[in-house]
Amino acid sequence: MVNLLKVHGSQNHFFILDQTELDQPLSDTELKIFTKKITNPNTGILNGADGVLAINQPIRKNALAQMRVINTDGSEASMCGNGLRTVARYLSEKYHRDNFLVDTMNASLRVRREQAFAKDVPAFAVEISPVHFNKEALPFSNLGRDRLIDDYAPELYPQLRFTALAVPNPHLISFVTQQQIISPILGIVGKRLNDSNPYFTDGVNVNFAQILDKNKLFVRTYERGVGFTNACGTGMSATSLAFVLIRPEQAEFNTPITVFNPGGMVKTIVHYDNSQYWIELIGNATFTQQITIAESDLRNNDFSKIITKNTGEQTAYEKFIANLPKYNDITTLA
Ligand SMILES: N[C@H](CCC[C@H](N)C(=O)O)C(=O)O
């Protein structure tokens, strides 16, 4: 039998599949098919999810394990901030470590257990890096420039200023008004740049941010390979870096920034060390259900005989967010 976990970071939901526990790990094709089925609310389980986080043996020395990120459309991403917090908690409890490295596609990243955000709301801090601004790393093209930092790009959407950066998955960020953040604009831009288009040929995660106060943001994201999610960890991290760079009078390096999102709240800290930017993303790592499935059923995408067990943590999480200030009553899955 195999144990899956249903988890979330800021209610960005995932299934964790520890491939090292399987007699025969799923192939890349099997993992893609499995993800598309189990995350789809109609064909999957537990209302689906925003992706699958697959854990494999480490690929670099000193790392405890590798995390791979598969979006609901089957595409693989180089990084997932909310997901890495939940994988960090899973590995922390499996190997009894609180401070270690996790391999991702492009880098081994530091993770550590943080003080819980509230009773039964465990929290982890994860490193978000490497960071790139040049068009080759994102990639973007046909915008007549090598970098896009706080500038108009009417080809993408008129009257908005955009910043493009990779952490290392690709993000497009715009600081907007409250009216704009709750308007259909984000969905229009997100859909257009994740269908075939001449600018972001690999797609891009689109983030609209409202500046609430000094070191305080609200971020809403249309995710590549998924669509609207309750939160995007790499999106909130990339937005925090753009905030510090573009509005230095309102956001500082090495200072916690509170980022609210439709699914809850995280803290970010933007760093610049040895001429490299990196971001700490600190937030909940909630396990909502434990799922038991026969390995043969997993391989055949047959979820008819699964056994699920509620952890009770979602109640604690909802109590935690009930005490947070409300900024935008957005039903994200619009
Ligand atoms: N959709 C993203 C991957 C998941 C990132 C997000 N869920 C996060 O928490 O960072 C992409 O294709 O780049």
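As a basis for the values below, the full set of heavy atoms in this structure was taken, side chains included, without hydrogen atoms, waters or symmetry mates. All ligand and atom numbering here is 1-based and tracks the order in the structure.
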Shortest protein heavy-atom distance from atom 10 (O) of ligand 1, along with the residue and atom involved: Thr234 OG1, 2.6 Å
Tell me whether the centres of the aromatic rings in Tyr277 and Tyr272 are closer together than 6.0 Å. yes
Quick one: does Asn71 get within less than 4.0 Å of ligand 1, heavy atoms only? yes
Quick test: of every protein heavy atom, which one is nearest to atom 5 (C) of ligand 1, and how far off is it to 0.1 Å? Glu223 OE1, 3.5 Å
Treating Asn194 as the side-chain partner and Val204 as the backbone partner, does any N or O pair qualify as donor plus acceptor under 3.5 Å? yes
In the protein, what heavy atom is nearest to atom 9 (O) of ligand 1, and what distance, to one decimal place, separates them? Gly233 N, 2.8 Å
Among all protein non-hydrogen atoms, which one is nearest to atom 7 (N) of ligand 1, and what is the separation to 0.1 Å? Asn12 OD1, 2.9 Å
Please check if the distance between the ring centroids of Phe228 and Tyr222 is under 6.0 Å. yes
Heteroatom distance test (Met79, ligand 1): nitrogen or oxygen, under 3.5 angstrom: no
Taking the ring of His8 and the ring of Phe287, is the distance between their centroids below 6.0 Å? no
Looking at ligand 1, does any of its N/O atoms fall within less than 3.5 Å of an N/O of Ala231? no
I need the contact type for Asn169 against ligand 1. Using non-hydrogen atoms and a strict under-4.0 Å cut-off, is it side chain, backbone, both or neither? side chain
Salt-bridged, Asp28 to Arg68, with N to O below 4.0 Å? yes
Are any of the heavy atoms in Gly225 under 4.0 Å away from ligand 1? no
Is it the case that Lys37 places NZ or CZ above or below the six-membered ring of Phe303, under 6.0 angstrom from the centre and within 45 degrees of the axis? yes
Would you say the side chains of Thr72 and Thr39 form a donor-acceptor pair under 3.5 Å? no
protein heavy-atom neighbour closest to atom 2 (C) of ligand 1 works out as Asn205 OD1, 3.3 Å
